[in-house]
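To start, the structure itself, in structure tokens.
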Amino acid sequence: MWIAPVQVKVLSVSDKYHDYAKKVAALLEEKDIRVEMDSRNEKLGYKIREARMEKVPYMIIVGENEQKKDLVSVRKRDGEIEKQNLGEMRLEDFVELVKRGEE
């Protein structure tokens, strides 16, 4: 995790959620987490597959539900399929998860 050039990729479900995705990416940068945002108008499955091929350890997916609840949906690149999706969580909890992974 600590050696990855990009630790987290923020993926928005559609153009409507780019502002929330930018906010999430900015908050992660403030916490010294290396982050990129994928704001292209592509299908979510394509963005996820591409991030996995780039070997980005974590993906944050933001859409309507996440924006309404002020949460993020988190996926890990590695592990068994059923353990890759970590589900919704507060951004602060995700930051703690990433920081523990760097130790």
Side-chain angles (χ1 to χ4, degrees):
M1 175 70 185
W2 62 272
I3 200 166
V6 176
Q7 295 170 312
V8 179
K9 191 161 251 192
V10 179
L11 313 172
S12 59
V13 173
S14 74
D15 293 343
K16 294 186 243 179
Y17 310 108
H18 288 323
D19 289 339
Y20 184 61
K22 286 180 188 176
K23 175 185 164 188
V24 168
L27 290 170
L28 291 172
E29 284 178 346
E30 286 177 14
K31 301 292 184 180
D32 295 322
I33 295 173
R34 296 182 300 278
V35 62
E36 280 184 0
M37 195 175 108
D38 189 343
S39 58
R40 296 175 299 155
N41 191 18
E42 296 285 350
K43 292 184 179 182
L44 182 60
Y46 180 80
K47 291 180 184 183
I48 291 171
R49 185 172 50 255
E50 206 168 64
R52 289 191 71 215
M53 288 173 37
E54 292 172 4
K55 302 204 184 300
V56 177
Y58 288 100
M59 291 159 266
I60 287 184
I61 300 162
V62 295
E64 182 178 7
N65 291 338
E66 292 80 10
Q67 185 175 9
K68 282 182 182 177
K69 297 176 186 176
D70 199 31
L71 299 173
V72 293
S73 287
V74 180
R75 288 181 61 107
K76 286 177 25 178
R77 176 181 58 93
D78 290 330
E80 299 171 28
I81 299 285
E82 59 275 358
K83 293 183 181 178
Q84 289 176 353
N85 188 0
L86 302 180
E88 291 181 340
M89 63 179 68
R90 295 177 331 132
L91 190 57
E92 298 81 20
D93 295 335
F94 175 70
V95 168
E96 285 182 32
L97 176 76
V98 171
K99 293 296 183 179
R100 279 196 314 262
E102 290 182 340
E103 296 174 352

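Count residues from 1 along the sequence.
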* Do V35 and L71 belong to the same hydrophobic cluster, where Ile, Leu, Val, Met, Phe, Trp and Tyr are linked whenever their side-chain heavy atoms lie under 4.5 Å apart, directly or via other members? -> no
* K9 side chain near E54 side chain, heavy-atom distance below 4.5 Å -> yes
* R77 side chain reached by Y58 side chain, heavy atoms, under 4.5 Å -> no
* Asked: Is there a side-chain contact between L28 and F94, using heavy atoms and a 4.5 Å cut-off?
  -> yes
* Asked: Is there a side-chain contact between N65 and E88 (heavy atoms, below 4.5 Å)?
  -> yes
* So, do R52 and M59 sit near enough that their side-chain heavy atoms are less than 4.5 Å apart? -> yes
* Would you sort out whether K99 and D32 count as a side-chain contact (heavy atoms from CB on, under 4.5 Å), showing the intermediate values? => CA-CA 10 Å; K99 293 296 183 179; D32 295 322; 4.0 Å; yes
* Determine whether I48 and I61 make a side-chain contact, defined as any pair of heavy atoms from C-beta on separated by less than 4.5 Å. => yes
* **Among V24, V74, I33, the one residue meeting side-chain contact (heavy atoms from CB on, under 4.5 Å) with V8** => I33
* Taking the side chain as C-beta and beyond, is there a heavy-atom pair between D70 and K23 under 4.5 Å? -> yes
* Asked: Can a donor-acceptor pair be found between the side chains of H18 and S12 at a distance below 3.5 Å?
  -> yes
* Structure fact -> Of all heavy-atom pairs linking A4 and R34, the shortest is O-NH2, 2.6 Å
* Asked: Is there a side-chain contact (heavy atoms from CB on, under 4.5 Å) between L27 and V95 once you walk through the steps?
  -> CA-CA 10 Å; L27 290 170; V95 168; over 6 Å; no
* **Y17 side chain near E66 side chain, heavy-atom distance below 4.5 Å** => no
* Determine, using the 4.5 Å side-chain heavy-atom cutoff (strictly less than), whether M89 and L11 are members of one ILVMFWY cluster. => no
